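Some notes on the structure that comes next.
Here the structure is a predicted model, which is why all the values come from computation and not from measurement. Side chains included, hydrogens not; waters and symmetry mates left out as well; all remaining heavy atoms used.
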Amino acid sequence: MEPSATVLDSSTVLLVGASEWTTRFAAMLGNRTDATVRRTETGAAALDAFRDEPADCIVTEYELYGTTGVELLRAIRDETAALPVLIATDAGSEAVASEAIGAGASDYVALEEPTERTLDELLERTERTVRSAQQTSTHRERARQFDAIFNDSRTATWVLDPAGSLTRANRTAREMVDEDVDSLVGEPFWTLPWWSRSSETETEVRQIVGKALEGTFGNAVVPQPSHIENPRVVDLSVRPVENERGELVSVVVEGVDITERVDLEQSLRQSEELHRVTLNNMTDTVLMTDEAGEYTYVCPNVHFIFGYTAAEIRELGTIDELLGEDLFDRDELAEEGVLKNIECTATDKAGREHTLLVNVREVSIQDGTLLFSCRDITKRKQREEALATLHQTAREFLYVETHREIAQHVVDNTPGVLDLDASAVYLFDADSNDLRPAAHSATMRALNGPLPTVHADGETLPSHSFVEDEVLFFDDVHEADRLENRATDLRSAAYIPLGDHGVFVAGSNQVGVFDDVTRELADLLAVTAEAALDRVTRESRLREQDRTLQEQNEQLTALNRINETIREIDQALVQAETRAEIDHTVCELLTGDDRLRFAWIGSVDPTTETVEPRAWAGTERGYLDSQSFAVAEADTEPAGRTAATGEVTLVANVAAGLRDEPWRKDALSRDYLSVLSIPLVYNDLVHGVLTVYGPTQDAFDDTSKAVLGELGETIASALSAIERKNALLTTSMTRVEFAVDDPSFVLSRLAREADCTLSYQGGVQQSSEGSYVFVTVEDASVAAVADAASQLVAIDDVQQISADTEGGVLRLRLTQPFLALELADHGAIFREATAGPSSTALVVDIPDSIDVRTITQLVRETFSTVELRSKQTLDQSIERDLYSKFLEKLTERQLEVIQTAYYSGFFESPRESTGEEVAETLGISPPAFSKHARTVQRKLFATLFEGSDLSAATSAGVK
């Protein structure tokens, strides 16, 4: 029969002694138990064995060599009180037993005689002693463990009685509340201030304590009430404590502060949520595989790049099917640990290619060893390529010189920049206020049809974009109100203004092609084009300014040369004494610097109706002999046209119309490439025609045309002056009397209105205020005639100079030049005029140097009805000479004063008007009048008495 299990089976027993029973007991231990038996014979050896290798129990006999078992016991108790020690003896006594128990023996056994029975008893008591020692050791260890747990600073511990009331609380628990814990002993645990302020928490604590009181474990996570400073979250564990009989003796409550853990868990949950949201929404895709390329993790957002779900990605097979084989070098990855920015191309579920940047990293996450992070850079790649194309486009713009070329470049480069084939550029025409299509792609024409010119009124899409300076993007242009062509196949469309230059249009037959990148690139392309258009505009303006400045400089140089010539001509005109001298001087000076090839002056012959040359200079080469200059408004040489029209005639290009007008051939053969013909007219008096010929086309611009036109007037004025001078100096003239009938003549109309006779016998003056004439009134009251004169529009002012019973003298200020002035410009003298109610007679003196026919024609052109009554030749050499000399000495004011005094009767005897009255009429002071009168008288007498001609005339009997 095998021995039953006993505590000795796993124990070490140290047997001390040399008696025969110790040997027998050692054999019994070996036979009945599995205990380890060690033997020593002396007390000293037993101490050494105890110290070398502790035993679970020591059995010693009392009598030992050199000592006793009690002494050995005391030595052992000096080192430990827990080791069970049994003292057994076969010759004991009560004294020995008392000594043994007093020394701390665990048991004392008196064998009396070592029989089988007594050794069995010793074995049994040894086993009981070892068991008791082990139980005591266990209780002691548990007590130490409890004390260690109870005093653990990391755990709050409360001990409750079997009723659930507080009996103890450790330091950690005490620090969780501000109140005196000792005052809370005996109170139900769930009513204590750690959680009693919250009904929900109090109920939960009461429930877990109730479970412990019923003998089961309870657990709950409870927050402390908020009124506690720094409230915590506590993990409460409640367990019952029972004795050996299974009776509840106490309840231990342990609380662990898990506030930080709860916060971490909350942060972790938030982090996990953020991580989940980030993974679901970020554009980068994360994949993990094992070494064979099989997926161990697929990011939920894998559809962002590839269009597949995570499950579909796994069904594709290994990652090589997705990213391609030989994506990276495994040895290089092993050496580096991570490989970054590997560029590859992948195809998504819809068949579109994507350019990816892939990072590969070695990891050890669950079964995954390779982590792939994929970033889609397709748009960035497209943008980089588009920007490169845009950069090249901008460089091309540097060499483009016209707006239309820029428009074509924009259209040509739109596919490379925007990946759109339909595009067009409208350019603004400021003259017509229209947007005109300057360039368009074939696709634009195919989708939209011919592009019409658009008026810049804001009514259509391109017009609205341009006028409002607004960028327009449409996912579907058919939804736009201003779409002008509803039949267009365009869907997506963009209209971008190009500043003041026009509008850029781009589009597609697909809906929604304009993403953020395409919009940005379209704006950049438009801005680049606008800058190029601005540059071309600036350069064009600069070139135009340069051309204008160059032309202006050339014109200024030519004008300076003309002005120099004009100044020379002016000086020559002042010094010229004859008409022929003026003609020849003008022609010579105009052709003197070779700027003009030929110049000539001609007069109109009224009998032949042609222009006859009278002076010329330059390279003539028989031109005047080859031409007949007919006076006509068309189909004739410019001189004939000017003579007919009285206007400047310019032929900028003689070669034009060469076969239409014969004169052009003769002019062209003499290198006359441009012609300018100028009328010589002064105060409506025509003195002929000046014609000049240039060696180049367009030799006469507007400025030279105007300057030479003014020169013609100057020449005519000089010719008129010569004629007036000749008229004054001539000794022989023809007196012509005309009978006129014209109610527009101011004297005729006044005589008819006043029913009187008016006589003019000289005395006309021209001032800034108008023409003044003196008239004698006969057969009527001067006042009545003055009143009638004031009613006529042709008379601006009337002054009565003198009056008598039958008439008097009036000074009239006329609104229009008087006939006498026009005759004087032609060299004739308006001598007399007598106007009555029914007829008017004029007397005009015409010097021999003036053609009578010219003056007659002038009078006939002035009045509606003219009759030539008489002509006679006069010789007034001395009279004319004295008269001219006298008038040359007088100023206009002096002549006015002396005429007014004369017609006022100041020089009559007796005087009809006093000096004060004449001065008042003239609007001057009496002393000023007296001074003017004496000055005129002195000049008159000086002319009479100081002239040598007068002395000769007097000696000859002239009176």
Side-chain angles (χ1 to χ4, degrees), residues 137-244 246-276 366:
S137 176
T138 298
H139 291 162
R140 189 180 298 111
E141 182 63 29
R142 287 179 178 175
R144 285 197 299 269
Q145 291 175 355
F146 179 78
D147 287 342
I149 293 172
F150 188 79
N151 293 316
D152 187 359
S153 61
R154 297 171 297 178
T155 304
T157 305
W158 299 266
V159 178
L160 313 181
D161 62 17
S165 299
L166 178 66
T167 60
R168 292 176 62 190
N170 70 353
R171 182 176 179 178
T172 302
R174 291 172 181 269
E175 291 175 350
M176 292 175 65
V177 293
D178 295 332
E179 299 186 35
D180 182 9
V181 176
D182 293 336
S183 64
L184 302 176
V185 172
E187 298 294 330
F189 183 67
W190 52 87
T191 65
L192 299 181
W194 281 279
W195 19 77
S196 63
R197 302 297 175 88
S198 170
S199 59
E200 294 180 0
T201 303
E202 180 177 343
T203 300
E204 190 170 7
V205 172
R206 184 170 186 171
Q207 289 175 351
I208 61 174
V209 171
K211 289 182 179 180
L213 295 178
E214 294 174 357
T216 62
F217 174 80
N219 177 260
V221 176
V222 296
Q224 286 189 286
S226 59
H227 75 278
I228 297 178
E229 184 178 1
N230 299 322
R232 308 171 189 181
V233 179
V234 182
D235 185 359
L236 290 180
S237 298
V238 184
R239 58 175 54 84
V241 179
E242 299 175 348
N243 57 17
E244 292 79 357
E247 298 173 345
L248 180 68
V249 295
S250 63
V251 174
V252 177
V253 183
E254 293 180 340
V256 178
D257 185 355
I258 60 170
T259 304
E260 184 176 354
R261 190 186 77 189
V262 170
D263 292 342
L264 288 174
E265 288 177 350
Q266 183 176 2
S267 298
L268 181 60
R269 283 193 298 272
Q270 294 175 347
S271 177
E272 289 175 347
E273 177 65 17
L274 178 62
H275 180 68
R276 184 184 64 80
Q366 296 179 352

Value for CG (Leu192) from OG (Ser165), rounded to nearest 0.5 Å, stands at 8.5 Å
May I ask you to test the Glu202-Thr191 pair for a side-chain heavy-atom distance under 4.5 Å?
yes
Shortest non-hydrogen contact from Asp161 to Leu213?
O-CD2, 4.2 Å
Using atom types as modelled and distance alone, determine if a side-chain donor or acceptor of Thr216 lies under 3.5 Å from a backbone N or O of Lys211.
yes
OG of Ser250 to CZ of Arg168: how many Å apart, nearest 0.5 Å?
9.5 Å
Close side-chain approach of Val234 and Val256, heavy atoms under 4.5 Å:
no
Residue pair Val251 / Ala212: nearest heavy atoms and the distance that separates them
CG1-CB, 3.8 Å
Heavy-atom check, side chain of Val241 versus side chain of Leu248, under 4.5 Å
no
So which atom in Ala169 and which in Arg174 form the shortest heavy-atom distance, rounded to 0.1 Å?
O-NE, 3.1 Å
At their closest point, which heavy atom of Leu160 faces which heavy atom of Val209, and how far apart are they?
CD1-CG1, 4.1 Å
Donor-acceptor check, side chain of Asn170 to backbone of Thr157, threshold 3.5 angstrom: yes or no?
yes
Is there a side-chain contact between Leu166 and Trp158 (heavy atoms, below 4.5 Å)?
yes
In short, Thr155 meets Glu254 closest at the heavy-atom pair CG2-CB, 3.9 Å
Just checking, is any N or O donor in the side chain of Ser237 or Asn219 under 3.5 Å from an acceptor N or O on the other one?
yes
Please check if the number of heavy atoms outside Glu200 that lie under 6.0 Å from its CD is greater than 12.
no
Backbone N or O of Val159 within a donor-acceptor pair of the Thr167 side chain at under 3.5 Å?
yes
Do the side chains of Leu236 and Val253 get nearer than 4.5 Å, heavy atoms only?
yes
